[in-house]
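In each ligand, atom 1 is the first atom listed, and ligand 1 is the first ligand listed.
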Amino acid sequence: MKTYEDLEGDGGSNIIGQVVQLGEKLRSRLDKIKHKVALMSGKGGVGKSSITANIASCLADRGYKVGILDADLNGPSIGHLLGVGNDLKLETKDDGIEPGHGYQGIKIMSMDMLLKTADTPVMWTEEADATAVWVSTMESTAIRELLADTNWGELDYLLIDMPPGSDRIDNIRSLIPELAGAVEITIPSMLSQHIVTKSITKNNKMGVPIIGLVENMATYVCPHCEKEGKLFAGEDVQKLTERKEIPYIGKIPFDTRVSQSKSGSLFYSEFKDSIAGKAIAETVDNIEKFIKK
Ligand SMILES: Nc1ncnc2c1ncn2[C@@H]1O[C@H](COP(=O)(O)OP(=O)(O)OP(=O)(O)O)[C@@H](O)[C@H]1O
Ligand SMILES: [Mg+2]
C-alpha cells in the first residue's frame, strides 16, 4: 500500500486546482447577487425563519428579485413557509440546480428539498461517535454546495435564514466575505435578550456589520379588535440596542395569523395593512436604508 511519503506532488489529485475551481464557482454565483443579508439570533424559536420569509415577501412586493438560502440544515423550515414541498423534483441544468420557486417567485434552496421524504431527518453519518469537528465540516461543505450549486441567477437580495447558535456565522462569513450585514432578532424575554447579546458581540468581534435588531413578538395584537398588549415580561429591548450601539429596526407584534395565513401566500402579502404587516414593512424600510448607505 502507498503511504503519503510515496506520493509525488499531489499524487495526481490536482487538489489545489479543485479547490480553486470550487472557489471560482461560488464567486461567479455570488457576483450575480447584489445584497446578501443574514437573519440570525443565537436563540432558537424567536421567529428567524418567519421574519426572513415575510421580509422576503415585502421585498418581492417592492419589485426586488429575492432568494432565500435556508442555512438551517437540521431544522429547515423555509420550504414549508414558502409552499415548496419536499416532493419537488429538483432539476439539474447545465448551469446548476434550479432552486425552488416559492410564493411571489421567491427562489429558495433548502436541505429539506434534498431529503427523501418530508419526515426524513438529516443524518450526517451513521457513526454514533462522529466528532463535532467532523459534523461541522460536513455542515460547512453542505452550505457551500447549496450556495454554489444552485442557479440563483441575478438577484437583488439573498436572505440567509440562520440556525440558532452564535457560532454559525463563521461559516457564512467565510463563504460570503462581502455579506452586507446581519439582522439580529430577539423576543422581549430576558433569556432571549441574553443570548442575542452574545450573537451581537460575536458579530462585532468578527467585523460583521449589524443592520439592526428586530424585536419579534413584542406585543400581542387581538385579531378581532387590533388592540395591543404586552406578551412577555422583560426589560425594554430598545435599551439593549442603546447599550450595544446598534439600530433598533423593527417591533413586530405576535399575531396568530403569522403561522396561519392561507395556503398560497405569506402573512405579509395577505395582511400588509395589519399592525404586524406594517411593522414588517418598516423593518424592510430600515434594511433598505442601511443597504443604500
Ligand atoms: N410575530 C409572530 N406572531 C405569531 N407567531 C409567530 C411570530 N413570529 C414567529 N411566530 C411563530 O413562532 C414559531 C417559531 O417561529 P420560527 O420557526 O420562525 O422561529 P425560528 O427562530 O426560525 O426557530 P428555529 O430556531 O427553530 O429556526 C412558529 O410557529 C411561528 O409561526
Ligand atoms: Mg428557523
Quick check: are there more than 12 heavy atoms from other residues, nucleotides or ligands sitting under 6.0 Å from NZ of Lys32? yes

Any side-chain to backbone donor/acceptor pair from [X] onto [Y]? Under 3.5 Å, distance only.
{"X": "Ser269", "Y": "Ser265", "result": "no"}
{"X": "Asp255", "Y": "Ala276", "result": "no"}
{"X": "Lys272", "Y": "Ile280", "result": "no"}
{"X": "Asn54", "Y": "Tyr268", "result": "yes"}
{"X": "Gln104", "Y": "Ser57", "result": "yes"}

Does the side chain of Tyr157 come under 3.5 Å of the side chain of Glu288 through a donor N or O and an acceptor N or O? no

So what's near the Mg ion (ligand 2), protein N, O or S atoms under 2.8 Å? Ser49 OG

For Thr186, which of Val237, Val214, Thr241 qualifies under side-chain contact (heavy atoms from CB on, under 4.5 Å)? Val237

Any protein N or O within less than 3.5 Å of an N or O in ligand 1? List each pair with its distance, or say none.
from	atom 1	to	atom 2	distance (Å)
ligand 1	1 (N)	Asn216	OD1	2.9
ligand 1	1 (N)	Pro253	O	3.0
ligand 1	3 (N)	Asp255	N	2.9
ligand 1	3 (N)	Asp255	O	3.3
ligand 1	8 (N)	Asn216	ND2	2.9
ligand 1	18 (O)	Ser49	N	3.4
ligand 1	18 (O)	Ser50	N	2.8
ligand 1	18 (O)	Ser50	OG	2.6
ligand 1	19 (O)	Gly47	N	3.0
ligand 1	21 (O)	Gly45	N	3.3
ligand 1	21 (O)	Val46	N	3.1
ligand 1	21 (O)	Gly47	N	3.0
ligand 1	21 (O)	Lys48	N	2.9
ligand 1	21 (O)	Lys48	NZ	2.7
ligand 1	22 (O)	Lys48	N	3.4
ligand 1	22 (O)	Ser49	N	2.9
ligand 1	22 (O)	Ser49	OG	2.9
ligand 1	23 (O)	Gly45	N	3.1
ligand 1	25 (O)	Gly45	N	2.9
ligand 1	25 (O)	Lys48	NZ	2.7
ligand 1	27 (O)	Asp72	OD2	3.4

Do Ile187 and Ile210 sit in one hydrophobic cluster, given that two such residues count as connected whenever their side-chain heavy atoms are within less than 4.5 Å of each other, even indirectly? no

